[in-house]
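Below, chain A is the first sequence line, B the second, and so on; all start at residue 1.
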Number of protein chains: 2
Amino acid sequence: MGGAPSATAVTTAFARRLAQLVPLSGEEAAVLGELQSVTRSVQRHRDIITEGRHYGSIFIVLEGNGIRYRILHDGRRQIVNIVLPGDVVGVLGHVIESSLYSTKALTEMLVATIPFPRVNALYETHPRLLAKIFWWLSCETAIYAEHLVDLGRRTALERVAHFLLELLARLQSVGLAADQSYKIPLTQELIADALGLSIPHVNRVLRRLREDQLVVVEDQRVTVKDLDGLSEFADFEPSYLTRFAGGELLAG
Amino acid sequence: MGGAPSATAVTTAFARRLAQLVPLSGEEAAVLGELQSVTRSVQRHRDIITEGRHYGSIFIVLEGNGIRYRILHDGRRQIVNIVLPGDVVGVLGHVIESSLYSTKALTEMLVATIPFPRVNALYETHPRLLAKIFWWLSCETAIYAEHLVDLGRRTALERVAHFLLELLARLQSVGLAADQSYKIPLTQELIADALGLSIPHVNRVLRRLREDQLVVVEDQRVTVKDLDGLSEFADFEPSYLTRFAGGELLAG
DNA sequence: CGATTTCTTGATAGGGATCAAGGTCTGTGG
DNA sequence: CCACAGACCTTGATCCCTATCAAGAAATCG
């Protein structure tokens, strides 16, 4: 479905999500596109951001998937977010994120690198665009909040169901998922670490969801068999991901 | 410690945190102060934001505490954030938050109300200030991420310890907590709903922490008895709250 | 001062972790 | 083309952390 893997084509992932939130002028779109012109590819399993390091750039994901995670001193790992095309990595990098979280590529990734000085230049030349970008970033809080509800008050079955539906909706919003299916290299270990579960238990939960004809996870692909049933079961309410449009803020 | 409860004095909570992140010009500080000049008080237990409603304003908390929470269809509640002075409520209100989360006052609160049109005006007149504000809001993601680690990979004991330390640090950053103690009307039910635990278990955990001479929660006050011991036990790393300063982004 | 609300404590149960051991698949090198 | 290693999945047995259920104290409030 997506265009060729050239930078300009993929650029849309970030720009289109931003445009869903607030209208972008033609010039702003051009600036955005130009910002993403310097790219770099990241090998599978490599870190984009390593805990404790400093970086001189932020990164916009153009292609591929990654995870943002934290390792506790005793080795426990918590994945706080799945990084998808259109996501921004490293904004907090030089102030806080650097010392706590790492971001690693799950697949080979293509990222646009934007040096801080360029962002700062934007602050002078296109402050309104920058306001829009940061506003968008602040909206991502909603994804974290929903994830918190998952971990705090949902059973393992509901968690997994909700998690898989959220990924579906997020990928759809950037045109990377079909109606009920998407490709992503999720292992059971990744699901476990994202949802605070153990690997064997994730295995059992997935089997259960499969047997109930709700979702199937196999071959790096998630296929939702019964969207309504699964959504109801997971108490899934996609508005926090898709209903960004329509806000009056910054609409001018 | 804080000044008189006049709007100008309390204004500092938000402004000072923003200033910790990026330098503010004198004019920007003035605009910020003026933005917070229209205030409203909220009675204890009342909602500032009710799920599903729309609002024409955003709110900056000047005094008092609240919670941001979500009720699932079957009544389970998850508190996603404790709202403290200097926090902003309702930014996402009209697009998404409105349909999912409520914010309720724990104590009587004083909030500044800023109508959307005023924010939009800022977009024209002070876009750089707006960029700074939204940048700050996006930094709050770090608090959510840390909360996710709590719920996903920490034991009940560690969670409670970490939670109480985070509140200490956050209140200190706005000058509302002493070295090792702060006042906040936390019930065990609130702690339970914030940390995904049951009330009886919170009770036992608190007793344990008290017996171990680590923290005491009583009379709407939290007193840390052994800051180092507790921090180590909870694996608490306050940099995600306080090390905002020093970023080169927007520093100009 | 009666009535919620909040806190405590105990008994029981269950969801999910942990431990353990195969099985399966994939890529690699001989 | 086969052998092998390493990653990943599967399943079973057992245990334990924490939820639930229950029922009183204690504190707070109108």
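- Within 4.0 Å (heavy atoms only), B/Ser198 reaches at least one base atom of the nucleic acid.
- As a whole-Å value, the separation of B/Leu106 CG from C/dT6 P is 10 Å.
- Between B/Arg17 and B/Ser173, the side chains place no donor N or O within less than 3.5 Å of an acceptor N or O (distance only, hydrogens not considered).
- A straight line from CD of A/Gln220 to C1' of C/dG27 spans 13 Å, rounded to a whole angstrom.
- Side-chain atoms of A/Ser231 never come within 3.5 Å of backbone atoms of A/Phe236 as a donor-acceptor pair (strictly under, hydrogens ignored).
- By the ring-ring contact (aromatic ring centres under 6.0 Å, His included) test, A/Phe163 pairs with no residue at all, sequence neighbours left out.
- Nucleotides of DNA chain D nearest to B/Arg159 and A/Arg210 differ in position, and the one nearer the 5' end is that of A/Arg210.
- Whole-Å rounding puts the B/Ile199 CD1 to D/dA22 C1' distance at 14 Å.
- A salt bridge is absent between B/Arg70 and A/Glu237: the closest approach of a Lys/Arg side-chain nitrogen to an acidic carboxylate oxygen does not fall below 4.0 angstrom.
- Counting to the nearest Å, the P atom of C/dA17 and the CD atom of A/Gln78 are 12 Å from each other.
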>> Please encode protein proximity along nucleotides 19-25 of chain C as a string of B, S and -, counting only heavy-atom distances under 4.0 Å.
In response: B------

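- The side chain to side chain contact (heavy atoms under 4.5 Å, CB included) test with B/Asp150 singles out one residue from B/Glu146, B/Arg153, B/Arg154, and that residue is B/Arg154.
- For D/dT10, one of the phosphate oxygens OP1 or OP2 lies less than 4.0 angstrom from a side-chain nitrogen or oxygen of A/Asn203.
- The interatomic distance linking A/Arg76 (CZ) with C/dT18 (C1') rounds to 14 Å, in whole Å.
- Between B/Glu189 atom CD and C/dT6 atom P the separation is 6 Å, expressed in whole Å.
- A side-chain donor-acceptor contact under 3.5 Å links A/Gln172 to the backbone of A/Ala178.
- Regarding contacts with the backbone of C/dT8, a side-chain N or O of B/Gln188 is found under 4.0 angstrom from either OP1 or OP2.
- Taken over five-pair windows at either terminus, the axes of the helix from C/dC1-D/dG30 to C/dG30-D/dC1 are inclined to one another by 50° (rounded to 10 degrees).
- Classification of B/Arg221 and B/Asp219 as a salt-bridged pair fails, no side-chain N sitting under 4.0 Å from a carboxylate O.
- Look at CG on B/Asp193: it is 11 Å from P on C/dT6, rounded to the nearest Å.
- Taking the nucleotide of DNA chain C with the nearest heavy atom to each of B/Leu206 and A/Val205, the more 5' of the two is matched to B/Leu206.
- Side-chain contact of A/Gln213 with A/Asp226: a donor-acceptor pair under 3.5 Å is absent, judged by distance alone.
- Between A/Arg207 and D/dT11 there is a side-chain N or O to OP1 or OP2 distance below 4.0 Å.
- Although no hydrogens or angles enter the test, the distance criterion places no donor-acceptor pair under 3.5 Å between the side chain of A/Arg208 and the main chain of A/Leu157.
- Here the P atom of nucleotide D/dG12 and the NE2 atom of A/His201 are 14 Å apart, to the nearest Å.
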